[in-house]
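Here is the structure we will look at, set down as structure tokens.
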Amino acid sequence: MRIATDPPNTADKARSSNHVSRNLDEIDLKILSEIQADGRITNVELAKRVGISPPPCLRRVRALEEEGYIHGYRGLLDARKLGFDVTVFAAVHLSSQAEADLRAFEEFVRAEPLVRECWMLSGEVDFILKCVAPDMATFQDFVTHLTAAPHVRNVRTSLVLHNSKYEAAVPLDVKGRR
């Protein structure tokens, strides 16, 4: 199975493409579920698990990649074991919601290695950032830099004490319940 690369900006891709490019059948959903559970699965094993032969399985995987259902493959690492003991959510309120200012903030955030996720929200907060840092001093330096960024009105942070659930997967089994 080939390794696909992540799109440069998932939000931009979502804005410019249809939500669903085709109907997924049961085999496609099984393929996505198996790949999501184990991105290192071989095509032969994947084909066996979904009940088809390897050549059509590989064609389906490639089609799912090309259509954007599969954004990429990556290993999930343990941040704490790698010395990133601090996880913080930062709620950012901008002084301007002009499109150019929102994009400028997104570009600023993409260049910040401590920011692992950035979500634009509706409501009182414009963006929520998930950040990791090796220690509080490093994170505080980042917050100082963040609050000085153009159009940042204020930043509220919440230190993560404990993570009760982390599931990077899409809940494919929920879709079938509707």
Side-chain angles (χ1 to χ4, degrees), residues 1-21 32-33 35-40 64-172 174-175:
M1 193 172 305
R2 72 182 176 85
I3 301 297
T5 58
D6 290 330
N9 182 342
T10 304
D12 287 345
K13 187 172 184 175
R15 285 186 205 116
S16 65
S17 66
N18 292 335
H19 185 274
V20 176
S21 60
L32 292 173
S33 181
I35 288 174
Q36 192 168 236
D38 180 4
R40 296 181 67 184
L64 290 166
E65 289 171 347
E66 289 168 8
E67 293 169 9
Y69 288 99
I70 300 171
H71 284 224
Y73 302 88
R74 58 175 68 156
L76 298 175
L77 307 180
D78 187 317
R80 289 192 185 270
K81 285 190 178 193
L82 292 166
F84 291 87
D85 293 328
V86 176
T87 301
V88 180
F89 286 91
V92 179
H93 186 201
L94 301 181
S95 60
S96 167
Q97 285 73 38
E99 188 66 27
D101 298 332
L102 295 171
R103 287 195 177 165
F105 181 75
E106 289 176 327
E107 287 177 30
F108 168 83
V109 167
R110 279 189 209 104
E112 295 300 322
L114 297 183
V115 177
R116 305 317 305 155
E117 295 182 39
C118 174
W119 298 85
M120 183 188 293
L121 306 175
S122 65
E124 293 181 31
V125 173
D126 294 307
F127 290 91
I128 190 87
L129 311 178
K130 179 183 176 186
C131 307
V132 297
D135 51 54
M136 283 305 294
T138 303
F139 180 72
Q140 186 57 48
D141 288 343
F142 167 71
V143 170
T144 301
H145 179 60
L146 176 62
T147 57
H151 305 291
V152 172
R153 179 183 291 168
N154 63 49
V155 177
R156 289 187 343 255
T157 61
S158 297
L159 178 66
V160 172
L161 300 176
H162 174 73
N163 182 343
S164 300
K165 180 177 180 179
Y166 173 73
E167 187 65 46
V170 175
L172 294 173
V174 172
K175 185 178 178 185

Non-hydrogen atoms of Gly39 and Tyr73 that approach each other most closely:
O-CD2, 3.7 Å
Does the pair Val170 and Leu32 meet the rule for a side chain to side chain contact (heavy atoms under 4.5 Å, CB included), with working shown?
CA-CA 9 Å; Val170 175; Leu32 292 173; over 6 Å; no
side-chain hydrogen bond (donor to acceptor under 3.5 Å, both in side chains) contacts touching residues 139-149 (sequence neighbours left out):
Glu112-His145
Not counting sequence neighbours, which residues clear side chain to side chain donor-acceptor pair (under 3.5 Å) with Thr138? List them please.
Asp135
Residues which pass side-chain contact (heavy atoms from CB on, under 4.5 Å) with Ala37, listed by chain and number, not counting sequence neighbours:
none
For residues 158-169, which side-chain N or O atoms pair as donor and acceptor with protein atoms under 3.5 Å away, sequence neighbours left out?
unit_1: Asn163; atom_1: OD1; unit_2: Lys165; atom_2: N; d: 2.8

Grab the two heavy atoms, one from Val155 and one from Ala90, that are nearest each other, plus how far apart they are.
CG1-CB, 4.1 Å
Just jot down the side chain to side chain donor-acceptor pair (under 3.5 Å) partners of Ser96, sequence neighbours excluded, or say none.
Asp101
Which heavy atom in Ser33 sits nearest to a heavy atom in Leu172, and how many Å separate them?
N-CD1, 3.6 Å
Non-hydrogen atoms of Cys118 and Val109 that approach each other most closely:
CB-CG1, 3.7 Å
In chain order, what residues pass the side-chain contact (heavy atoms from CB on, under 4.5 Å) check against Val132, with sequence neighbours excluded?
Phe84, Thr87, Arg116
Contacts of Asp85 that satisfy side-chain contact (heavy atoms from CB on, under 4.5 Å) - sequence neighbours left out:
Arg80
Ionic contact status for Glu99 with Arg103, cut-off 4.0 Å:
yes
Who pairs with Ser95 by side-chain contact (heavy atoms from CB on, under 4.5 Å), at least two apart in sequence or on another chain?
His151, Arg153
How many angstroms lie between atom CZ of Phe89 and atom CG of Leu129, to the nearest 0.5 angstrom?
10.0 Å
For residues 119-128, please give each side-chain donor-acceptor pair under 3.5 Å, one per line with the distance, not counting sequence neighbours.
unit_1: Trp119; atom_1: NE1; unit_2: Glu117; atom_2: OE1; d: 2.9
unit_1: Asp126; atom_1: OD1; unit_2: Gln97; atom_2: NE2; d: 3.4
unit_1: Asp126; atom_1: OD2; unit_2: Leu94; atom_2: N; d: 2.6
unit_1: Asp126; atom_1: OD2; unit_2: Gln97; atom_2: NE2; d: 3.0

